[in-house]
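Encoded as structure tokens, the structure appears first; notes follow it.
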Amino acid sequence: MDVTVETAKSLGLTPEEFENIKAILGRMPNFTELSVYSVMWSEHCSYKNSILQLKTLPRSGKRLLVGAGEENAGLVDIGDGLGCAFKIESHNHPSAIEPYQGAATGVGGIHRDIFTMGARPIASLNSLRFGPPDNPRMRRLIAGVVKGIGDYGNCFGVPTVGGEVYFMPCYHHDILVNAMSAGIVKAGETVSATAGGPGNPVFIVGSATGKDGIHGATFASADLSEDSHEDLPAVQVGDPFQEKLLLEASLEAIQTGAIVGMQDMGAAGITCSTSEMSAKAGCGMRIDLSKVPTRQANMKDWEILLSESQERMLIVCKPGQEDKIKAVFDKWDLPCERIGETTAGGRLEYFYHGEKVADVPAESLVLGGGAPVYVREQKAPAYLKKIASFQEDNIKQPADYKAAAKKLWNSPNLASKNWITQQYDSMVRTGTMTTNRPSDAAIVYVKGTRKALALTTDCNPAYVFADPYKGGMIAVAEAARNIVCAGGEPVAITNCLNFGNPYNPEVYYQFAQAIRGMGDACRRFETPVTGGNVSFYNQYSHKGKTIPVYPTPTIGMLGILDDYDRVMTLDFKNEGDKIYLVGTSRSDLGSSEYLRGVLKKEFSPCPYFDLEEEHSIQEVVKKVIKNRLVESAHDVSDGGLITALLESAMPRGLGFEVRSNPKVRKDAWLFGEAQSRVIVTVRTEQVAAFERFLESGKTPFEALGTVAGRKVSVDGEDWGNVSAWKRTYDTVLEKMMAHD
């Protein structure tokens with residue numbers, strides 16, 4: 001096939017990039033070589049429009065063993081000779097086109113990143129964004145994604161312990177599916193994604209290679225449109241049972257001591273794993289593609305190179321120890337084929353049936369090597385002017401607060417996600433602590449120790465839309481607050497940065513400002529960034545108009561509890577306990593679910609947030625939990641104070657009597673989402689000690705009322721039984737999903 005600039009453009013490369021490739025090679029690339037560059041220089045693999053922004057994030061910390069970009073996942077020292085590998089990644093475009101397989105393979109891929117490092121996955125989380133579930137298409141997408149996540153995770157045998165779900169109109173065309181995994185590894189048993197030096201045998205292990213997922217990385221680096229369904233072959237097909245075998249075989253192979261390096265075959269398949277492992281080691285590889293096990297006849301060389309078939313790994317082993325590797329994979333009845341060897345000189349040479357089909361420098365393909373790097377134009381979005389003109393005084397307070405609260409309570413964003421979570425196995429491997437002990441973060445035992453992991457995913461995209469910088473800070477701060485309220489110490493984050501097209505100056509402004517906010521918050525909370533991914537092009541193109549999603553920088557945070565008996569839950573414990581708000585009530589309705597969902601006001605400021613105030617409040621909450629001064633702790637976030645109170649009341653059916661703060665608008669006191677606030681309950685005999693402690697540190701707090709009976713009472717008005725509120729909470733989403 002003759003290669004031209006039009007060929008390059010059809011593969012997603014720019015004319016300038018095509019010229020760069022010719023300069024690197026010193027000749028015209030053939031089609032296979034151009035295909036290799038097209039996937040490796042795609043946004044999905046090269047981060048060409050984001051890497052300079054990402055490098056501003058804090059990437060070092062006292063517990064950090066492996067930082068961002070160094071390996072397949074981040075690695076944190078949790079003590080007792082153990083490390084936690086964790087990471088979050090997106091599978092957005094595939095899930096929008098084929099929701100079941102798109103979501104399932106997203107789960108499979110992120111678990112492989114963990115066990116490729118030698119860690120056994122013990123927990124899975126997710127962060128999902130959908131359009132409102134009020135039409136058949138969206139309900140099909142939701143059902144497909146949830147079933148894909150549940151089926152893969154349940155069959156693979158890793159519990160889904162936490163996550164978050166939002167329903168907003170901006171995700172009507174581009175849904176977001178972000179999957180997170182965390183695993184445990186002993187010191188000295190980790191494996192690097194490196195090829196070592198020249199002369200090492202190279203094996204492909206796991207499933208046979210098919211045509212699914214070809215150009216998946218390129219597909220993920222373009223806008224969706226009404227014709228995107230025609231790209232269905234770009235969606236991979238997963239097999240969780242095969243992955244379970246691959247997990248056990250990989251961990252057993254590591255124990256042989258024969259492995260030099262190992263890498264998952266994710267985006268760009270063989271192309272990515274061979275180039276990244278080679279570039280990291282400063283060597284090359286000679287690969288015979290005709291030795292790759294395939295499940296379809298007559299596959300072309302470039303199809304084998306670019307296939308993103310799931311459940312595959314590349315292993316580089318020590319010379320003379322090939323039999324050890326083959327014996328392990330034979331035991332687990334998995335294909336294990338030697339397809340080449342590492343070489344000196346740094347070139348990747350691919351052969352097919354004796355013919356050299358591609359010859360490229362490994363370094364030229366990878367991030368930090370020859371892949372292009374760009375900084376795009378930034379422009380403050382025009383809609384920010386509408387937000388700046390918002391006047392809260394123009395918002396009328398409701399005539400009936402109980403009716404307003406009930407209307408708010410019917411939002412699917414606040415309702416129980418049981419319809420979703422009941423499809424996930426949260427108890428497999430028996431390490432999950434919070435299934436019947438509700439906490440702001442998921443808590444998972446580290447078996448054989450007294451330790452537990454606290455895990456959460458967080459991001460309110462409405463806040464980031466209203467103020468990308470402040471919203472980016474809040475995403476990190478809320479994740480930390482959730483871990484602190486669960487009794488943990490925040491340690492590190494991974495992130496999944498979901499944005500529109502980076503060539504849109506307004507989108508790039510959102511991206512750059514959100515990164516800046518995340519970085520500032522991570523530095524303050526001493527939670528370095530261990531890695532993650534960037535997902536651009538989450539926007540829908542139709543008849544010349546583009547509709548980007550809200551900027552959604554999802555934060556996956558890891559926290560540690562040195563003693564799992566120190567877990568703090570959010571539920572009210574005893575009648576008569578006093579309810580306090582740690583923090584300050586404010587007349588602030590900005591970007592609240594009440595404004596957006598009930599009053600239909602899309603453009604309002606980000607809620608109040610001050611980074612130093614947030615840090616101070618979290619430090620105080622840590623101490624009152626450590627000193628056992630409180631019975632429960634729950635952060636105030638989506639839905640405001642009334643939502644947090646009801647969430648604490650429902651687990652045990654215990655009601656409450658509270659009185660509003662006369663210095664604050666009552667609607668803002670009930671429904672506002674100003675940050676840096678935590679609800680705690682205190683036994684009567686501890687009240688004096690609790691108040692003295694807060695007063696000694698000049699920490700603002702507010703006595704809200706008392707845990708009492710089975711009813712909800714606000715300012716002396718009977719708002720009904722907790723059980724009635726719970727019935728609504730439990731059935732909102734279920735009814736929406738059952739709608740014909």
Side-chain angles (χ1 to χ4, degrees), residues 3 7-25 27-52 54 69 71-72 89 93 109 113 193-195 202 204 209 213-222 234 236 263-285 287 289 292 300-309 312 314 340 346-350 357-374 502 533-537:
V3 169
T7 314
K9 289 165 67 175
S10 71
L11 294 175
L13 294 162
T14 67
E16 293 77 16
E17 289 168 347
F18 181 55
E19 292 302 318
N20 287 344
I21 292 167
K22 290 195 293 183
I24 288 168
L25 297 180
R27 56 177 170 79
M28 183 72 73
N30 62 34
F31 181 76
T32 297
E33 291 166 336
L34 193 64
S35 296
V36 165
Y37 278 101
S38 75
V39 292
M40 291 304 296
W41 284 12
S42 69
E43 184 68 44
H44 193 71
C45 291
S46 74
Y47 289 14
K48 58 190 176 185
N49 289 307
S50 59
I51 185 59
L52 293 181
L54 296 176
E71 296 290 351
N72 287 308
E89 284 197 340
H93 280 24
D113 279 338
T194 181
V202 178
I204 188 170
T209 298
I214 293 172
H215 271 296
T218 307
F219 172 59
S221 304
Q236 308 95 324
Q263 179 153 333
D264 162 45
M265 286 188 190
I270 293 173
T271 300
C272 186
S273 53
T274 54
S275 60
E276 290 188 350
M277 293 183 79
S278 296
K280 185 170 185 178
C283 67
M285 286 189 189
I287 301 295
L289 298 174
V292 174
K300 297 181 176 63
D301 55 271
W302 60 269
E303 291 176 324
I304 296 172
L305 269 175
L306 272 58
S307 168
E308 295 181 10
S309 293
R312 299 180 303 157
L314 196 73
R347 298 194 74 84
L348 296 172
E349 300 174 281
Y350 300 109
V357 294
D359 183 349
V360 299
E363 186 73 14
S364 70
L365 298 175
V366 300
L367 177 70
V373 175
Y374 305 115
N533 89 311
V534 176
S535 176
F536 280 136
Y537 302 98

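As the structure is a prediction and not an experimental result, all values here were calculated from the model.
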Are the side chain of [X] and the backbone N or O of [Y] linked by a donor-acceptor pair below 3.5 Å?
X      : Y      : value
Ser273 : Gly269 : yes
Glu33  : Val360 : no
His93  : Tyr537 : yes
Ser307 : Ile304 : no

Should the pair Arg347-Glu363 be classified as a salt bridge under the 4.0 Å nitrogen-to-oxygen rule?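 The answer is no: the pair does not qualify as a salt bridge.
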
Between Lys48 and Glu17, is there a salt bridge with N-O shorter than 4.0 Å?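 Salt bridge flag = yes for Lys48 with Glu17.
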
[X]: side-chain hydrogen bond (donor to acceptor under 3.5 Å, both in side chains) partners, not counting sequence neighbours:
X      : value
Thr32  : Asp301
Thr209 : Arg312
Asn72  : none
Thr274 : Tyr350

For [X], give me all partners under salt bridge (charged side-chain N to carboxylate O under 4.0 Å, His left out), at least two apart in sequence or on another chain.
X      : result
Glu276 : none
Glu349 : Lys356
Glu16  : none

Indicate yes or no: at least one non-hydrogen side-chain atom of Lys280 is less than 4.5 angstrom from one of Gln263.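 They are not in side-chain contact.
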
Under a 4.5 Å cut-off applied to non-hydrogen side-chain atoms, are Pro29 and Val36 in contact?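 A side-chain contact under 4.5 Å is absent here.
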
List for me each residue that meets side-chain contact (heavy atoms from CB on, under 4.5 Å) alongside [X], sequence neighbours excluded, and say none if there are none.
X      : answer
Pro15  : Val5, Lys9
Ser50  : Glu43, Tyr47, Leu54, Phe511, Val534, Phe536
Ser275 : Met40, Leu348, Leu365, Val366
Lys300 : Trp302, Glu303

Under the ring-ring contact (aromatic ring centres under 6.0 Å, His included) test, which residues partner Tyr37, sequence neighbours left out?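 In terms of ring-ring contact (aromatic ring centres under 6.0 Å, His included), with neighbours along the sequence ignored, Tyr37 is linked to Trp41.
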
Can you name the nearest heavy-atom pair linking Ala281 to Ala195, along with the distance?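 Smallest heavy-atom distance, with atoms named: CB-N, 3.9 Å.
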
Mind checking the [atom1]-[atom2] spacing from [X] to [Y]? Nearest 0.5 Å is all I need.
X      : Y      : atom1 : atom2 : value
Leu13  : Phe18  : CG    : CZ    : 9.0 Å
Leu314 : Cys272 : CG    : SG    : 10.5 Å
Ser364 : Asn20  : OG    : CG    : 10.5 Å
Cys283 : Met277 : SG    : CE    : 9.0 Å
Met28  : Leu34  : CE    : CG    : 9.5 Å
Glu308 : Ile270 : CD    : CD1   : 11.5 Å

